[in-house]
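In the text below, chain A, chain B and the rest are named by the order of the sequence lines, each starting its count at 1.
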Amino acid sequence: MLSKYLYIKEISLNRSINLFSFLLMRLTGIALSVFLFLHIWTVGQVQKGNDSFNQAMSAYNNLAGWIMEYLLLLAVLYHMFNGLRLIAADFYNLTERQKGLLWIVVVIVAVIASASLFVFFPILPRNI
Amino acid sequence: MDRVIFEVFRFIPEEKSEPHFDRFEVPYTKGMTVLQGLLYIQSKLDGSLGLRFACRAGICGSCAMHINGVYRLACETQVSLLGEHIRVRPLGHLPIIKDLVVDMTEFWEKYKLVKPYLIHSKNVPEKEFLQSVDDREKLTRIVDCILCGACYAACPVVDTHKDYIGPHAFAKANRFIRDSRDDGTFERLRIIGGEDGVFRCHTVFSCQEVCPKEINASGSIAELKMLTTKAAFTAFDRSKLKM
Ligand code: SF4
Ligand code: FES
């Protein structure tokens, strides 16, 4: 059942970049919805006072936390820019250009992701 | 290359046999198509192989199947482009009758839903409908659909939502809506904008990618989404709906 909604068979029969980009859109969408609850819980700690909030936030201030936040950034970037690509294709008659738009999305995500590496990982040297 | 290995999907649901692939060695001849290879197998190696074809020229649309990872027409696919190994399966998303032959009933039932014919509400001329060159130009390419089913088989939404009408029907609906002689836009939009209509499309672009006639069904779906949205805002005012 789950494999059906992750389109495992579809992708194995139809290995095109289109299906991969679609699957990634879906996975990032699910991941972001799940994250939302974690986010609400963390921020919700503020109701219990300063200390609880600071303690909850500090739980993310380690390598695992940085990696998670970085993956979150990647998910947001891809989901957002690919979403804009699909809107552009549907509303501005750009369906024939969709492949080119996908590569533009990939480039934008890659550029922002590499520039953000230094922000998300404080252990990296800041001035190379 | 003097021989080609064909791995062909075999399955007879009536006999409750196990689905499997049979291996055949076919001598290669210059210019050979996948369909020719399959016909060689059928006439020389295994007469029980089930497959569908008619025109052998990319016109009838009956030989679409899954060949080396892509849904395409067997009669238009050159063996030389695929190499020595060819793996053939039937079209996806449709029940198998025998080997490569699928039951296309649901494909046609959904096709009929969009009323794939000219609908006239105005006066019908005595002799014939005239169409300007510009109006005919709007139909170029999209009239070439041969209803092969490749787009339907490649669409992942058809897999998860059995009632989704499908790209073949939307491309055809778009073809008639674009037609200057047709007045059926309003009737079609009711179905197209419905629960199983264009808004179920996840914009995966699989249909656009596989079409052997290079028809942009994704573009048709986008056009229909726009038109349905406009229709909703104009509260289905027929006069504003011609494209
Ligand atoms: S739109 Fe293309 S792939 Fe779909 S049925 Fe028509 S010819 Fe075949
Ligand atoms: S046999 Fe007619 S399209 Fe291939």
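Taking a 6.0 Å sphere around NZ of B:Lys16, one finds it holds 12 or fewer heavy atoms contributed by other residues, nucleotides or ligands.
Proximity to chain B is absent for every atom of A:Lys9, based on heavy atoms less than 4.5 angstrom apart. Neither the backbone nor the side chain of A:Arg97 comes within less than 4.5 Å of any heavy atom in chain B. Only the backbone of B:Cys155 has a heavy atom closer than 4.5 Å to any heavy atom of chain A.
Contacts with chain A were tallied for B:Thr203, B:Asn216, B:Ile221; B:Asn216 has the most, counting heavy-atom pairs under 4.5 Å. Interface remark: of the candidates B:Met226, B:Glu209, B:His93, B:Glu209 forms the most heavy-atom pairs closer than 4.5 Å to chain A. Among A:Lys99, A:Met25, A:Glu96, the residue with the largest count of heavy-atom pairs under 4.5 Å with chain B is A:Glu96.
With hydrogens and angles ignored, the 3.5 Å screen pairs a side-chain donor or acceptor of B:Ser132 with a backbone N or O of B:Asp135.
Between B:Leu49 and B:Phe24 there is no side-chain heavy-atom pair separated by less than 4.5 Å. Side-chain contact between A:Ile108 and A:Leu77 is absent, with no heavy atoms from C-beta onward closer than 4.5 Å.
Screening B:Phe107, B:Phe170, B:Tyr152 for a ring-ring contact (aromatic ring centres under 6.0 Å, His included) involving B:Tyr164 leaves a single residue, B:Phe170.
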